[in-house]
Amino acid sequence: MSDQARRESPLAEFLAAPRKADPATGAGVQISERPFLGHINLRGDPSEKRFLEAVEGAIGVALPLEPNTVAEGGEISALWLGPDEWLLLTPPDRQRDVVLTLKAALGDTFAAVNDLSGGQTVVRIQGTHARDVLSKGCPLDLHPRVFGPGQCAQSHISKTMALIRQIDDTPTYDVIVRRSFADYLARWLEEAAQEYGLAVIAESPT
Amino acid sequence: MLLISCPWCGPREESEFSYGGEAHIVRPKDPDALSDLEWADYLFMRNNPSGRYLERWLHAAGCRRWFNAERDTVSYKIKSVYKISDPAPRGDE
Amino acid sequence: MKKYSLYGLIRNSFNHQENWPRVWRSLQPKVEYDVIIVGAGGHGLATAYYLAKEHGVTNVAVLEKGYVGGGSVGRNTTIVRSNYLWDETSYLYEMSMKLWEGLSQELNFNLMFSQRGVLNLFHNEQEKRDTARRVNSNRLNGIDAELLNTEQVKKLVPILNTSPDARYPVLGASLQRRGGTARHDAVAWGFARAADARGVDIIQNCEVTGIRIEGGQVTGVDTTRGIIKARKVAVAVAADTSTLASMAGLRLPIDTHPLQALVSEPIKPVMHTVVMSNAVHAYVSQTDKGELIIGAGIDHYNGFGMRGSYSIIEGTMEAVVDVFPIFSRLRLLRHWAGSVDICPDASPIISKTHVKGLYFNCGWGTGGFKATPGSGWVYAYTIARDQPHPLNEPFSIERFTTGYLIDEHGAAAVAH
Amino acid sequence: MKSPLDSSRSQPYRLATGGRIDRAKPLTFTFNGKRLQGYQGDTVASALLANGVRLVGRSFKYHRPRGIVGSGPEEPNAILQVGRGALTTPNLQATEVELAEGLQAGSVNCWPSVEHDIGAINGLFSRFLPPGFYYKTFMWPSRMWKTYERFIRKAAGLGVSPKEPDPDRYDRMNTHCDVLVVGGGPAGLAAALEAGRAGARVILADERRELGGSLLDGRDEIDGAPALEWVNAASRELASMKEVRLLLRSTVFGYYDHNFLTVLQRLSTDSTSISRPLIKERVWRVRAKQVVLATGAIERPLVFPNNDRPGVMLASAVSAYVNRYAVAPGSRPLVFTNNDSAYRTVLDLAEAGIPVQAVVDVRPEPNGPLPSRVKDMGIPVIGGHVIVDVKGTKRVKGVEIMSVDASGERVEGRRRSIRCDLVAVSGGWNPTVHLHCQSGGGTRYDGEKGCFVPDAPAQEERSAGSSKGSFALGDCLGEGLEVGAEAARAAGFGDGRVSTPVPTVEDRAEEPLKAMWVAPSRRPPVREHKQFVDMQEDVTAGDIVLAAREGYDSMQLLNRYTTLGFGTDQGKLGNVNGMGVLANHLGADIESVGTITFRPPYTSVTFGAIAGREIGGLLDPVRKTAIHRWHIEHRAVMEDVGQWKRPWYYPQPGESMEDAVNRECMAARNAVALLDQSTLGKIDVQGPDAAEFLNRVYTNNWLKLGIGRARYGLMLSEDGMVMDDGVVIRHGEQHFYLTTTTGGAASVFSWLERWLQTEWPELEVYLTSVTERWSTIALVGPHSRKLLQDLDSDINFEKSSFPFMSIHSGSLAGFPVQVMRVSFSGELAFEINIESDLALAMWQALMKAGEEYDITPYGTEAMHVLRAEKGFIIVGQDTDGSMTPVDMGMGWLLSKDKDYLGKRSLSRSDCVRKDRKQLVGLLSTDGTTILPEGTQLVDDPSAGIPVPISGHVTSSYASACLGHPIALALVKAGRARKGSIIYAALRDGRHVKAEIVSPVFYDPQGERQRV
């Protein structure tokens, strides 16, 4: 039996019953999950050339050094978390290889690689009112003049910490949240999105 | 409601931060060499001024970095923020 | 002191209330006093009163930088209780409670001390253990305390949300029936009037700017109204404590934080008992005027601005509406902040210092109001005899050196 | 002349034409049970006036009849209970409630009715009720206070609370902008236009339902056309700007630090139906770079005898009702003023065809353009006079006036009566400086304008127009444009220069007013008929004088003693007059008597709106483990542990909690049981200095821990008290993995980060929280090894290759796992770390494979029992922040040859006291009584109160495997007292005898966990 089949994502229960938006209002907000992605936490000193080169060599993308930005490279995207901390997102089932390649490339460089897959998940929030519904709980300035695709920021949505990344100008946001908080976040979003018309879809439109 | 400039992430809402109290309290290198009185001073005694205050903040919901801020505890205005490794700003006013 | 009496009230009613005497004299400071008390708040005024009453020390000045009762005594949520955890603290607060009972008559000023009972809710198994421990020790210390289950709580305060489906269901509560509330301003005015009647000089708009020390002995204070001499100077302020300490070269284990409170528009009586919850953080009582007085949480940063953060107000409202769902449509009339001095162990300091004749009474955190008479009583004793009373001996500054902390974080909770 | 009132209509005081109401949309509502009609666009107040309702409420203290005074948030009297059942709302101002079909409103605080109110008896006894009288009485006899108080409480309060939960929904919205403009009047509109044109992100908030502010109430002209045409043009332009957001029905109620402002937006103003699924009210949390305050001004009433009679209104309110609502608040109005602006009201009334009886002006010779115009119209203007009494109780019937002598302080001559049914008063204007003051700004008294105006701003804020004391329309527009451009520039948009010329307006010059805090009258205030300063709180000029005489002679003391300004209107009308009366009495100038504190909110805000949706299930996150679903499906009773829900026990049908826990414990002791332990904190520690770092934060030594081995570790706070504990594993030379308690997970992680970042930056260590990456399943019991061996695995579980306190990684039943051989139960046990996505499947696989061993899931209660039988402590239950490791019998964990956090504190005199509380075991000597947790322990059961306390019970359980109850306790010098007796003092007064024993009750040699 493959791992995939035996996995259960944090929002599995919440998504078990998909909801359609009231056709009258339409769906101003769509909520879905991008389950089972590889989440890898990387720590290292960006002033160390060796470190940066080793990482870029291993994952094929240069780490973003500008705070709160995202670097995309093929199947892997790297999100800035802190001056010496990044989150690498990989497609499902790729994380183990990536971790191994990274560790090999880093050798005895002072760095830390941690596979956090399964410990957090990605909630996708999409639609004309996606920005509004996030703003009900998130104090970040998400105005297009300030925050757009290619950027990410850690903050909180209501009472759960979250890493927010804008995907496109629909707008579409990916919210990375710790596993145990995912259900709360989803239920909070469900309530907050009522006035805009809400659709909860099992499979994420990627 | 404070708006605090994280040295890395820029201005963010107070709700993203947690407070660390007085800054620049250095842990004694050799605690056993201290008298109980000296140890108590390090452990508990604080300046707690009303006015200019150098204090510690953690961008808890953000980049998880500790940093220092120079804030007026009466007006709540934040004059500057600086990294832990930076020296304390001079109180020139 | 011209006593307030039914007769006086009626007599004055027939001459247009024009002949009421001043509650306290308005006067210039003398050159020298036996004792100078810094701060005309509840504690300072109570100290002056008991100095005069219990120890015959009447050549006393109470110096106030603002107006009588302008600080914490006029900004708190007026809750009075004595159900603390540790022996040392509960003895002190219970002594205070005994003084509260009958204080209106003693001061001949109606403090509206109303023993309507104080409920401390618990919401989880650990809180339940801690509450039981506190209730049990209270009973052994002669402090009335009961442990209630959910049904009993519901019976006492039917409007409470006791649903098992609540995010943090009410599992029970401790009840101190002798606890309650008092009219905060009246406490300051009542003590001021009674102290003034015994010859104490209350001097408003007189800020202390320096403490004079010669050879380790206090000799007086510099003020915005000149030098005033005294061999004994007793500090009884909040917020400015550390600043005053630094004038005497002292450092204190105190951080000062904003503490906010809220009041609703007045409504007809809906709750009799005072309800407090740590876990869900709601502290509510209804005043005789009909307003709901609500205690908010402490702002986590140091602050003297008499302002706090709005997020604290939000958190408080969430808790109150969750615990009292029928309050949702009521309206917030006013919110404000005071300053609380917090010690590492959430217990106060009532102590001599290494400077002879200099005394500090501070660090009351959120417990100051309920302690007012007791604090004044032991402080007066400490000043008059230049040695602490057994009740406040444990609350010396030395405890931070010896490690003899009296950790009341649990029982002192966050507010009130 | 033809009456302007069309009495044929249901609303006798409704003007036939004009107004901003929709006569095509009549609305039916009830007031005190009486069915009335109004129009779309009415407020309840305007509708009541249109129906000729004058008496709307009773005052707080004396229950005097009261009528509508204002037209906005300043209204002190018309306080209503609106709506029924779950939707009822107390204390709404009639002037602030928009009329809706079917709306039900009633007066508050009167019984049996507002017309005949028993409480009015207080009025007769008012002479016995001076300010603060209750401080002077109700003291005799002392025990009677409770009784007095019951009646006082009954009498107090205005409206009534709902009795059901609120069915409506509320919302919060965070937003950011470059310029927030508060107020949509002429100044605010102009400011928003300029800021918007400069390209700034602008929010314009106004409390009314349409823009225009004061222009809605008057008949001004701008650029030669009706002002509202300019308003419409401005609104259109603003609406067309992408980055401008208009918030109507939106009150900015708070101005906090760093330009954070809060706005209450009323989305559903209909009090008769539930707002679901939409939202009733939304609080906007605005972070603005720049703020423009164009909040206007509120007219100041005049203080004179019986000035509270229904029919005495603000002149500005009268204009508002006439112009905006097409309502004549009276048919024979009289105007009383000390300034020119009230003459506009005279013109408004005249224009509407309502015959003004006279204008009484305290100024000897009002000759400005406005008064002259009024005189030219033949309306009598009586200069140098004041009203000395008002006739009528439930509605004004007339006034008596007298002339003011040369001093201006006294009245003289004969009284003259004038009949009228409406008195429009104006004492000048108070700029609405509330928000400016909330933000930290001060005010100064402007003698010429006779009002307090904003002083220098304390934050990034600018006032404009009336709120700054510039009352003339031209000035409002001009200043608005200027500050709008200025604010935009300060926020980084435009050059700060105004882009358009100031619209032209015809401002009739106004003569200076004569400031008058209380009108001269026949008697001194304390002997005069009541001259109300604060109507809602029933505070009179006399009260203020009396309070001052008693020594409450600064504004702050006065407010507190008389409750001046403490009403639901927050003294918007009374405060400044009160200050003036005090100043008069003290012979001081008004600025010296103290300050008025403006506290948020500007107007009252619904609790629910502030709470938003963060209540009920959303009050706090419910954290769920990856196996949560299984626990629920298997009827686990859950326990709140911090934010987590954890299985407490799994009752089978018919089982009590005790049965279930006993069964679970026995399974762990005799067979195999498993526990979802995923909530433990888990931290990955890597780097060359990892071991050194652990050495500094744990009490014991880590340098020599072998790779693949585990060790128990203890952390102290810097003051030496036990803070947290857990097992630490060494994965590699530079790689550790440590666990924390569930409650300590977050705090320990940030505690460690703090030391690393702030104190020891030289240490090369990285910390990463892996708490949620790994779910942890504890497999406990003699059969646990066999069970694991049954599963397909590359791990050798034999003791020889998998000793106690070691770890192996590998595959188990096809799952990638880390297995640790640690035990919190004293049994042979393995803890399986599995990535959380797979945890549920792993758990199910174990349940399946365990069937033949009768595998049993157990919860936190059984876990507590098992560890207590072994004397393992739980930090937070057996410790309370005041216990040292020595107290807990863990001295053996304290390294002598290194420093660590908290070490120095342990040698302080109090920490080495011999009589400190110490961890011990307790056995009730009867062998059956379970000592309740939290029970206090005493040595002398006969001792009188206060009873000396020797300790207390921290953990207590019935132990199934031992067959008797056990308890852990903290007892003074307890370790030295083993074998001796102590008494548990139960609440019912009984004392249970207990023997002090070792805290380890089960398998003291620890053989079972090592097999």
Side-chain angles (χ1 to χ4, degrees), chain C residues 4 9 13 16-18 20 22-24 67 70 74 87 102 104-105 109-110 114 124-126 129 132-133 136-137 139-142 147 167-168 185-186 265-270 288-290 310 313-314 317-318 320-322 325-336 402-404 407, chain D residues 89-91 127-128 130 134-139 142 149 152-153 156-163 165-166 256 262 526-527 546 550-551 554 556-557 560 568 599-601 604-608 610-611 614-615 617 619-620 640 881-882 908-911 933-936 945-947 949 952 985:
Chain C
Y4 295 149
L9 209 63
S13 302
H16 309 275
Q17 311 286 352
E18 286 176 303
W20 291 109
R22 284 186 66 95
V23 270
W24 58 79
Y67 59 98
D87 295 352
S104 290
Q105 283 68 29
F109 202 92
N110 191 348
S114 170
N124 62 49
E125 290 301 308
Q126 188 52 46
R129 288 180 201 103
R133 176 185 171 193
N136 292 330
S137 74
R139 295 168 72 97
L140 294 177
N141 284 325
L147 198 65
R167 174 65 186 90
Y168 294 112
D185 292 329
E265 294 180 338
I267 48 168
K268 290 297 175 188
V270 282
D288 287 346
K289 194 184 175 191
Y310 177 73
I313 300 296
E314 288 177 311
M317 276 296 132
E318 292 164 9
V320 168
V321 171
D322 197 67
I326 70 164
F327 288 170
S328 172
R329 297 178 83 84
L330 302 186
R331 302 195 302 164
L332 169 66
L333 175 59
R334 221 171 30 246
H335 71 80
W336 65 93
T402 63
Y404 180 25
D407 194 332
Chain D
T89 311
N91 306 346
R127 61 164 46 197
F128 297 103
Y134 30 79
Y135 298 122
K136 301 187 174 103
T137 180
F138 300 126
M139 287 183 281
S142 55
E149 190 183 32
I152 293 171
R153 286 173 84 82
L158 294 172
V160 299
S161 161
K163 289 171 179 49
D166 188 349
Y256 302 88
T262 47
V526 294
R527 290 163 181 267
L546 288 175
E550 282 190 68
S554 76
Q556 290 86 345
L557 285 167
R560 290 169 177 274
T568 59
R599 293 193 162 117
S604 298
V605 182
T606 314
F607 280 17
I610 298 174
E614 275 71 11
I615 55 172
L619 176 69
D620 206 30
D640 284 309
S882 71
R908 294 172 303 177
S909 60
D910 190 71
C911 294
E933 288 171 345
T935 301
Q936 297 289 343
I945 279 168
V947 183
I949 295 174
H952 69 278

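Here is how names work: the chains are called A, B, and so on, in the same order as the sequence lines, proteins then strands, and each is numbered from 1.
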Using heavy-atom distances under 4.5 Å, tell me whether D/F138 contacts chain C through its side chain, its backbone, both, or neither. both
Between D/E933, D/H952, D/E614, which has the largest tally of heavy atom pairs under 4.5 Å with chain C? D/H952
Checking D/S882 against chain C: side chain, backbone, both or neither under 4.5 Å from a heavy atom? side chain
Looking only at D/P601, D/G617, D/S909, the option with the highest number of non-hydrogen pairs under 4.5 Å against chain C is D/P601
Check whether the ring centres of C/H335 and D/F607 lie less than 6.0 Å apart, and answer yes or no. no
So, D/D910 versus C/T402: side-chain donor-acceptor pair below 3.5 Å or not? no
Ignoring hydrogens and angles, state whether a donor on the side chain of C/N124 or C/Y168 is under 3.5 Å from an acceptor on the partner side chain. no
Checking heavy atoms, do the side chain of D/K136, its backbone, both or neither come under 4.5 Å from chain C? both
Tell me whether D/N91 contacts the main-chain N or O of C/I267 through its side chain, where contact means a donor paired with an acceptor under 3.5 Å. no
Please check this pair: side chain of C/R167 against backbone of D/D620, looking for a donor-acceptor N/O pair closer than 3.5 Å. yes
In terms of heavy-atom proximity below 4.5 Å to chain D, should C/Q126 be classed as side chain, backbone, both, or neither? side chain
Heavy-atom proximity to chain C below 4.5 Å, by part of D/L546: side chain
Under 3.5 Å, is there a donor-acceptor pair linking the side chains of C/S114 and D/E149? yes
Could you check which of C/E125, C/Q105, C/R129 has the highest count of heavy-atom pairs closer than 4.5 Å to chain D? C/R129
At their closest point, which heavy atom of C/P269 faces which heavy atom of D/R153, and how far apart are they? CG-O, 3.4 Å
Should D/I610 and D/V605 be marked as a side chain to side chain contact (heavy atoms under 4.5 Å, CB included) after you check the CA-CA gap, both sets of side-chain angles, and the distance that decides it? CA-CA 8 Å; D/I610 298 174; D/V605 182; 3.7 Å; yes
Out of C/A132, C/G102, C/G70, return the one with the most heavy atom pairs under 4.5 angstrom to chain D. C/A132
From the list D/P90, D/S554, D/G159, D/P165, the residue making the most non-hydrogen contacts under 4.5 Å with chain C is D/G159
I need the residue from D/S604, D/G608, D/G881 with the largest number of non-hydrogen atom pairs under 4.5 Å to chain C. D/S604
Identify which part of C/F109 has an atom lying under 4.5 Å from any heavy atom of chain D, answering side chain, backbone, both or neither. both
Criterion side chain to side chain contact (heavy atoms under 4.5 Å, CB included) on D/Y134 and C/D288, from CA distance to verdict: CA-CA 11 Å; D/Y134 30 79; C/D288 287 346; over 6 Å; no
With a 4.5 angstrom heavy-atom cut-off, which part of C/D185 approaches chain D: side chain, backbone, both or neither? side chain
Among D/I615, D/T935, D/T606, single out the residue with the greatest number of heavy-atom pairs under 4.5 Å to chain C. D/T606
Under the criterion side chain to side chain contact (heavy atoms under 4.5 Å, CB included), I'd like the reasoning laid out for C/D87 against C/N141: C-alpha separation, chi angles, the key distance, then a yes or no. CA-CA 7 Å; C/D87 295 352; C/N141 284 325; 3.1 Å; yes
Taking the side chain from C/N110 and the backbone from D/T137, do they hold a donor-acceptor pair closer than 3.5 Å? yes
With a 4.5 angstrom heavy-atom cut-off, which part of C/V23 approaches chain D: side chain, backbone, both or neither? both
If you count heavy-atom pairs under 4.5 Å with chain D, which of C/G290, C/A186, C/S137 comes out on top? C/S137
Counting heavy-atom pairs under 4.5 Å with chain C, the top scorer among D/G551, D/S142, D/P600 is D/P600
